[in-house]
Amino acid sequence: MHFEDQILEQGDLISKKLHLLSVQRFPPNARKNLRSFSLGEVASYVGVSQSTLKKLHLEGKGPSPQTSSTGRRSYTAEQMLELREYLDVHGRSDSRIYVPRRRPGEKLQVLAVVNFKGGSGKTTTAAHLAQYLALTGHRVLAIDLDPQASLSSLHGFQPELDQVPSIYEAIRYDDERKPISDVIRSTNFPGLDIIPANLDLQEYEYDTPLVMADKRSNEGKKFFTRISRALAEVDERYDVVVIDCPPQLGYLTLTALTAATSVLITIHPQMLDVMSMGQFLLMLGGILKPIRAAGAEVNLSWYRYLITRYEPTDVPQAQMVGFMATMFNESMLKNQMVKSTAISDAGITKQTMYEVERSSMNRSTYDRAIESLDSVNAEIADLIRQTWGR
Ligand SMILES: Nc1ncnc2c1ncn2[C@@H]1O[C@H](COP(=O)(O)OP(=O)(O)OP(=O)(O)O)[C@@H](O)[C@H]1O
Ligand SMILES: [Mg+2]
């Protein structure tokens, strides 16, 4: 048997077996559910004290929480959003402080998570950020731009089984192009929609150079506007768009970067990773220059490096973080995402830290991971608010 026949056969075998495994673990038509949130979590995400929440409940105001047999109160994510509305309508302040949606004149924020180093934590970052922003009252659209569809599968969409369309349908060059609203799906987080990915996305990498070479067409020369043009169709529906980019510097990533208003570069603080990121920055700069000259608006409000999978007790890693800080302190997020088995374990069951129950894990491991994620995400939410001039 030839090599190519053999690998085709083995590829087929793997995908069949995996299919079986994942059908057993997660039936294709099962919608993901979302747990409820404790009084402490609600207080922290909404930004009020626990005693205020208890008082509201006792007075029968706002959404009423579920109470366990031991008297613990909990709220669904929907109820958390209702609470925000309630507090804004009945609060003392005239301005809406609990519902952080953008106001007239404030631009839709499009945040791209990039780095061509595989495994630098892009998808983990994008998923937790998108969910955090939704939990804190923003209207969020997550776009999975990686044909490998990791962000989609974290949200319960499995391209092999579900046959959900990707954003390729909304950015393709031919007559089959569809409105972007056709490819948007809701998730188990209220306030968070997603455009899942599948292998079709790869077509965009082949189509774009062909269309660019086509003298009769103007479309290819403006490939970099395709995501921003598609997003303009749903601009009113969202406050923030989070794009999870594939680990390569192809046309998909470039198109995302030129649609972006801000960029997060995820970096694991190790020598090889930092060297590879240096190469990435050089290539990116070299490519963006001619693209800007061709008329693209690469107008970022901000960009930041985010240290991921950080082990502060690992001396070489800590040194690498120090080294990066001396080079571009201003461009680094102050908070880092620590390495935690809680995050990787949650990932194995296709969940994020915002989905798993605290009781299902070692408490201190859970707390340390959530604390790190929340502080990173709160810092980013703050940058977004600053961009809106608040
Ligand atoms: N803070 C963390 N602690 C522990 N494990 C992590 C952490 N962040 C990410 N991981 C794990 O590392 C692996 C790679 O992470 P992730 O998929 O987010 O990277 P990526 O940059 O999106 O990868 P790719 O380039 O393949 O798209 C995953 O298995 C994930 O669960
Ligand atoms: Mg990824």
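In this chain, residues are counted from 1 in sequence order.
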>> Is it true that, when you exclude Glu379 itself, more than 12 heavy atoms of the residues, nucleotides or ligands shown sit nearer than 6.0 Å to its CD?
In response: yes

>> If I compare all heavy atoms of Leu252 with all of Glu205, which pair ends up nearest, and what's the gap?
In response: N-OE2, 3.1 Å

>> More than 12 heavy atoms of other residues, nucleotides or ligands under 6.0 Å from CE of Met327: yes or no?
In response: yes

> Quick one: does His268's side chain get under 4.5 Å of Gln317's, heavy atoms only?
Replying inline: yes

>> Which residues pass the ring pair (Phe, Tyr, Trp, His ring centres under 6.0 Å) test with His2, not counting sequence neighbours?
In response: none

> Under the side chain to side chain donor-acceptor pair (under 3.5 Å) test, which residues partner Asp88, sequence neighbours left out?
Replying inline: none

> If you count the non-hydrogen atoms of other residues, nucleotides and ligands that lie under 6.0 Å from CD in Glu4, is the total more than 12?
Replying inline: yes

> Do you know which two heavy atoms are closest between Asn188 and Asn33, and how far apart they sit?
Replying inline: ND2-O, 3.2 Å

> Taking all non-hydrogen atoms of both residues, which atom of Glu233 and which atom of Pro179 are closest, and how far apart?
Replying inline: OE1-CA, 3.6 Å

>> Is there a continuous path of hydrophobic side-chain contacts, each under 4.5 Å between heavy atoms, that joins Tyr204 to Ile167?
In response: yes

>> Run the salt bridge (charged side-chain N to carboxylate O under 4.0 Å, His left out) test on Glu41 and Arg358 for me, step by step, so that the C-alpha distance in whole Å, both residues' side-chain angles and the decisive distance to 0.1 Å come before the verdict.
In response: CA-CA 11 Å; Glu41 286 176 308; Arg358 182 166 181 257; over 6 Å; no

>> Checking Asp235 now: which residues fulfil side chain to side chain donor-acceptor pair (under 3.5 Å) with it, not counting sequence neighbours?
In response: Arg102

> Can you name the side chain to side chain donor-acceptor pair (under 3.5 Å) partners of Gln202, sequence neighbours left out?
Replying inline: none

> What are the two closest non-hydrogen atoms of Ala77 and Leu34, and how far apart are they?
Replying inline: CB-CD2, 3.8 Å

> Pick from Leu141, Ile184, Leu108: which one makes a side-chain contact (heavy atoms from CB on, under 4.5 Å) with Arg237?
Replying inline: Ile184

>> Can you pull out every ring-ring contact (aromatic ring centres under 6.0 Å, His included) where at least one residue sits in residues 355-390? Sequence neighbours excluded, please.
In response: none

> So do Glu176 and Asp174 actually touch side chain to side chain, heavy atoms under 4.5 Å?
Replying inline: yes

>> Do Thr258 and Phe223 make a side-chain contact, defined as non-hydrogen atoms from C-beta onward lying under 4.5 Å apart?
In response: no

> Should the heavy atoms of other residues, nucleotides or ligands under 6.0 Å from CD of Glu203 be counted, would the total exceed 12?
Replying inline: yes

> Do Ser359 and Glu357 have side-chain atoms, one donor and one acceptor, less than 3.5 Å apart?
Replying inline: no

> Going only through I, L, V, M, F, W and Y residues with side-chain contacts under 4.5 Å, is there a path from Ile267 to Tyr303?
Replying inline: yes

> Should we count OH of Tyr206 as having more than 12 external heavy atoms under 6.0 Å?
Replying inline: no

>> For the residue pair Ser372 / Tyr310, report whether a side-chain donor-acceptor contact shorter than 3.5 Å exists.
In response: no

> Quick one: side-chain contact (heavy atoms from CB on, under 4.5 Å) partners of Lys55, sequence neighbours excluded?
Replying inline: Glu59

>> Just verifying a value: how many Å separate Ser44 OG and Leu39 CG, rounded to the nearest 0.5 Å?
In response: 11.0 Å

> If we only count heavy atoms from C-beta on, is the Phe157 to Asp144 side-chain gap below 4.5 Å?
Replying inline: no

>> With heavy-atom distances below 4.5 Å as the criterion, would you say the side chains of His155 and Leu151 are in contact?
In response: yes

> Minimum heavy-atom separation for Met337 to Leu306, with atom names?
Replying inline: N-CD1, 4.1 Å

>> For Thr313, give me all partners under side-chain contact (heavy atoms from CB on, under 4.5 Å), at least two apart in sequence or on another chain.
In response: none

> What residue pairs, at least two apart or across chains, pass ring-ring contact (aromatic ring centres under 6.0 Å, His included) with a residue in residues 77-107?
Replying inline: Tyr86-His90

>> Please give me the minimum heavy-atom distance between Arg185 and Pro165, naming the atom from each residue.
In response: NH2-CD, 3.4 Å

> Between Trp302 and Leu264, is any pair of side-chain heavy atoms under 4.5 Å apart?
Replying inline: yes

Atom pairs and distances, donor-acceptor, side-chain atoms in residues 109-116, under 3.5 Å, two or more places apart:
| residue | atom | partner | partner atom | Å |
| --- | --- | --- | --- | --- |
| Gln109 | OE1 | Thr261 | OG1 | 3.4 |
| Gln109 | NE2 | Lys107 | O | 3.0 |
| Asn115 | OD1 | Lys117 | N | 3.0 |
| Asn115 | ND2 | Thr266 | O | 2.6 |

> From Glu330 CD over to Tyr305 OH, what is the distance, rounded to the nearest 0.5 angstrom?
Replying inline: 13.0 Å

> Can you tell me how far the OG1 atom of Thr326 sits from the CZ atom of Phe328, to the nearest 0.5 Å?
Replying inline: 8.5 Å

> Transitively linked via ILVMFWY side-chain contacts under 4.5 Å: Met332 with Val376?
Replying inline: no

>> Could you measure the distance from the CD1 atom of Ile384 to the OG atom of Ser262? Nearest 0.5 Å is fine.
In response: 6.5 Å

>> Taking atom CD as the centre, does Gln163 end up with more than 12 heavy-atom neighbours from other residues, nucleotides or ligands that are less than 6.0 angstrom away?
In response: no

> Are side-chain heavy atoms of Asn377 and Tyr354 found at a separation under 4.5 Å?
Replying inline: yes

>> Taking ring pair (Phe, Tyr, Trp, His ring centres under 6.0 Å) as the definition, give me every residue that meets it alongside Phe3, ordered by chain and number, with sequence neighbours left out.
In response: none

> Given the rule that I, L, V, M, F, W and Y join up when any side-chain heavy atoms are under 4.5 Å apart, are Met212 and Leu201 in one cluster?
Replying inline: yes

>> Any carboxylate oxygen within less than 4.0 angstrom of a Lys/Arg side-chain nitrogen, looking at Asp193 and Arg139?
In response: no

> Of all residues at least two apart in sequence or in a different chain, which pass the side chain to side chain donor-acceptor pair (under 3.5 Å) check with Asp214?
Replying inline: Arg216

>> Applying ring pair (Phe, Tyr, Trp, His ring centres under 6.0 Å), can you list everything that pairs with Phe323, at least two apart in sequence or on another chain?
In response: none

> Which of these passes side-chain contact (heavy atoms from CB on, under 4.5 Å) with Leu254: Ile227, Thr208, Leu288?
Replying inline: Leu288

